[in-house]
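Working notes, beginning with the structure itself.
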Amino acid sequence: MESLREFAKETKESLVKIEKENLISLAPYIDEENDFNNPPDEWREKYNLSLDGFSGFPFPEPSEEEKTKIIEKFLNGIEKLLNPESNWTFLKPFSLSLKYCVKCNTCAEACHVYIGSGKKEIYRPNFRSEILRRIYKRYFTPSGKLLKSFVGADIEATYTAIRRLLELAYRCTLCRRCVLYCPVGIDNGLIARELRKLFSQELGMAPVEVYKKGTRLHLKTGSSTGMGPTAFRDIIKFIEEEIHEKIGKKITIPVDKKGADILLLHNGGEYLAWPDHIAAFSILFDLAGINYTLSSETPGYDGVNYGAWYDDVELARVGLRHLQIAYDLGVKKLVIGECGHSHKVYTIIFDRILPASSPLWNIQRESCLPLMWEIVKSGRIKFDPMRNNFPVTMHDSCNIVRLMGIMNPQRQIIKALTPGTFREMNPNCSYNYCCGGGSGFAIIRSLNFPVWKNKVSIRLKTKQILDTFDDVLDKNVPKLVVATCSNCKGAIRDMIHTYRLFDRFKINYSGLAELIVNAIATIPPFLNLEELPE
């Protein structure tokens, strides 16, 4: 693509083509095959793949009449994004970011998608922002309405441009690393998120995995996994039996305990995908004497809040229900388990949603990480760091570290519970690279979007992990990547399967709770790095 103006070009052909030779290389570690599969011809006829040949939106092209309505609703949505009555959540940072970009492109070199793609122009963080900016100028400013291309208002709000902008809003993981590098603080990640909100709230367009199978299923059944209260209770019994079998100690996991100090909110996917993670928390809290409870109320056992990625209304519906459950149980605080976007929702965003007059305001909302560090350093549990005598690195969850500033507790834990085998990724902490699965990418499975995610979005983090272990890549040496976020674990799992990191290099992954419990000296080892979690 030669210029921004081509973005609205009426063609079914993709604006850019992603090919293996253009991507950032994974050499010398992996000799990668050129296994990009071209989409079937019938897909190009039925779906819109005109951005880059990929899509996560399996809906057919609309009629001409429907396209006209989409254009009208899109422009109406822009107006609402800049209206304090309809966008009270993020109006100020959004409007300032839209207005003051100096177009220096410093943000580009901060973006894992842009770098991983081989620096494709459309993946620059400020590219989608500039498209929106030019459309806004054309339709909502006097100079743009009158002079159009003479003042940079040169992109028309055609259906094609709008449809490509929808796809482009989902080529950003909302990690917001770009804002860290911007000399004037422009938040292109937030602009991408607000674009998603426009498409969802105004046009009803969102990935099926985050809307229909996400927040809607969550509110209906109790979990985005479809797990209802009865299934939840059965899984708790199963985990209790597994704990007994694994460590020889019977532990009762408290559920619906009134007046507990803490309501612990796990990511619902952990119960099905990684039940050992729930078990590890249960063992740790039991041995430490933590007065906590889980909830079997719909949806109190699943802390997922996919609205964080795309829709303020969906976010508020799920979050208010969680806080109401905490209030009804009479707990002192809501503690968020190892889930990055839940951390951000309940400890940051809800300060913008809850009125101070609400009784729910008085419920403290905290991260589990400082509490886990308090347990480790308290002396209540005897630990043996030699249990974790293998190379360990840690992936920093963007939501927890960059967007909340929680950097030290998890590091102090790992350093205390390993015999000098912890190694930092470079860069790390606030400057870390996103896992590539953030903002829903790890769960979006429609059409060929997973191919783009696995080959482009998670690519730079894959290379970073390999660089971190470059001196111990012998497949006989087990290695562990710790991630304090379920979504990040999902992305790391995809890296391991896509690039065969376990088979080739014995690289495994886990949450932080599992590493802690593995070091408890009074029970058998908890981790098995010879097997890959499914």
Side-chain angles (χ1 to χ4, degrees), residues 90 93 97 107-116 123 125 128 169-182 185-194 196 210 267 269 303-310 315 336-349 367-369 393-411 424-444 453 456-465 468 481-495 509 511-512:
F90 299 112
S97 292
C107 57
E109 294 299 331
C111 177
H112 65 285
V113 171
Y114 175 75
I115 297 170
Y123 300 138
R128 70 185 64 82
Y170 287 88
R171 297 298 185 272
C172 167
T173 58
L174 313 184
C175 82
R176 297 166 74 189
R177 190 174 191 260
C178 52
V179 70
L180 209 61
Y181 286 83
C182 178
I186 300 304
D187 197 337
N188 287 293
L190 178 62
I191 291 175
R193 194 270 180 186
E194 293 298 271
R196 294 182 179 192
V210 300
N267 182 305
V304 158
N305 195 322
Y306 291 170
W309 302 330
Y310 79 108
L315 180 151
I336 312 304
E338 295 186 27
C339 177
H341 71 274
S342 288
H343 267 71
K344 182 174 66 175
V345 167
Y346 295 105
T347 61
I348 302 293
I349 298 177
S367 165
C368 67
L369 299 178
T393 192
M394 182 176 66
H395 163 68
D396 285 302
S397 164
C398 300
N399 283 309
I400 294 172
V401 177
R402 181 159 45 253
L403 305 185
M404 290 181 62
I406 304 175
M407 292 178 277
N408 292 322
Q410 56 271 50
R411 285 176 161 73
E424 289 276 17
M425 293 191 192
N426 183 32
N428 54 63
C429 293
S430 293
Y431 292 91
N432 74 303
Y433 287 119
C434 176
C435 65
S439 78
F441 284 18
I443 61 169
I444 297 173
K453 184 258 297 179
V456 179
S457 187
I458 68 174
R459 194 174 192 86
L460 190 55
K461 178 56 69 171
T462 301
K463 185 177 187 305
Q464 189 185 26
I465 290 172
T468 303
V481 181
V482 173
T484 58
C485 169
S486 184
N487 210 64
C488 296
K489 285 193 302 187
I492 294 168
R493 175 185 58 194
D494 289 344
M495 292 174 208
Y509 71 102
L512 181 60

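Predicted model, so just to flag it, every value in this text is computed and none were measured. In what follows, residues are counted from 1 in the order of the sequence shown.
- The side-chain tip of Arg493 does not point at the ring of Tyr509 from less than 6.0 angstrom away and within 45° of straight on.
- Aromatic ring pairs are classed by plane angle as parallel below 30°, tilted from 30° to 60° and perpendicular above 60°; the pair Tyr181 and Tyr431 is perpendicular.
- In this structure, the side chains of Asn305 and Tyr346 come closer than 4.5 Å at one or more pairs of heavy atoms.
- Here the SG atom belonging to Cys485 is positioned 7.5 Å from the CG atom belonging to Asn267, to the nearest 0.5 angstrom.
- Interatomic distance, Leu369 CG to Gln410 CD, rounded to the nearest 0.5 Å: 5.0 Å.
- Formation of a donor-acceptor pair under 3.5 Å by the Arg128 side chain with backbone atoms of Ala192 is not found in this model.
- For Arg196 against Ala169, the heavy-atom pair with the smallest separation is NE-O, 3.0 Å.
- Judged by distance alone, with hydrogens and angles left aside, the side-chain atoms of Ser397 form no donor-acceptor pair with the main-chain N or O of Gly340 at under 3.5 Å.
- For the atom pair OH (Tyr310) and OG (Ser439), the distance works out to 13.0 Å, reported to the nearest 0.5 Å.
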Begin from the C-alpha positions of His112 and Arg177 and carry the test side-chain contact (heavy atoms from CB on, under 4.5 Å) through to its verdict.
CA-CA 9 Å; His112 65 285; Arg177 190 174 191 260; over 6 Å; no
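- Residues Val113 and Arg459 have side chains not in contact (no heavy-atom distance under 4.5 Å, counting atoms from C-beta outward).
- Between Ala483 and Ile492, the shortest heavy-atom contact is CB-CD1, 3.9 Å.
- The SG atom of Cys339 sits 8.0 Å away from atom CD1 of Ile400, with the distance rounded to the nearest 0.5 Å.
- Summarising the geometry of Ile336 relative to Ser342, their closest heavy-atom pair is CG2-CB, 3.6 Å, with the distance given to 0.1 Å.
- Using a 4.5 Å cut-off on side-chain heavy atoms (C-beta onward), Cys398 and Asn432 make contact.
- Taking the side chain as every heavy atom from C-beta outward, Lys453 and Ile444 never approach each other to under 4.5 Å.
- Side-chain contact check for Arg411 versus Asp396: some heavy-atom pair is nearer than 4.5 Å.
- Annotation for Val401 and Ser430: closest pair CG1-N, 3.6 Å, computed over non-hydrogen atoms.
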side-chain contact (heavy atoms from CB on, under 4.5 Å) between His395 and Tyr433: does it pass, once the steps are laid out?
CA-CA 9 Å; His395 163 68; Tyr433 287 119; over 6 Å; no
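- Side-chain atoms of Cys107 and Ile186, non-hydrogen and from C-beta on, never get closer than 4.5 Å to each other.
- A donor-acceptor pair under 3.5 Å is absent between the side-chain atoms of Arg176 and the main chain of Arg402, judged by distance alone.
- One distance of note links CG of Asp187 with CZ of Arg193; it measures 11.5 Å at 0.5 Å rounding.
- In terms of heavy-atom proximity, Ala108 sits nearest to Ile115 at O-CG1, 4.4 Å.
- Cys368 places a side-chain heavy atom less than 4.5 Å from the side chain of Glu338.
- Within the model, atoms CG of Asn487 and SG of Cys435 stand 6.0 Å from one another, a figure rounded to the nearest 0.5 Å.
- With contacts defined as side-chain heavy-atom distances shorter than 4.5 Å, the pair Lys461/Met425 qualifies.
- Heavy-atom minimum distance, Cys178 versus Ala110: CA-CB, 4.0 Å.
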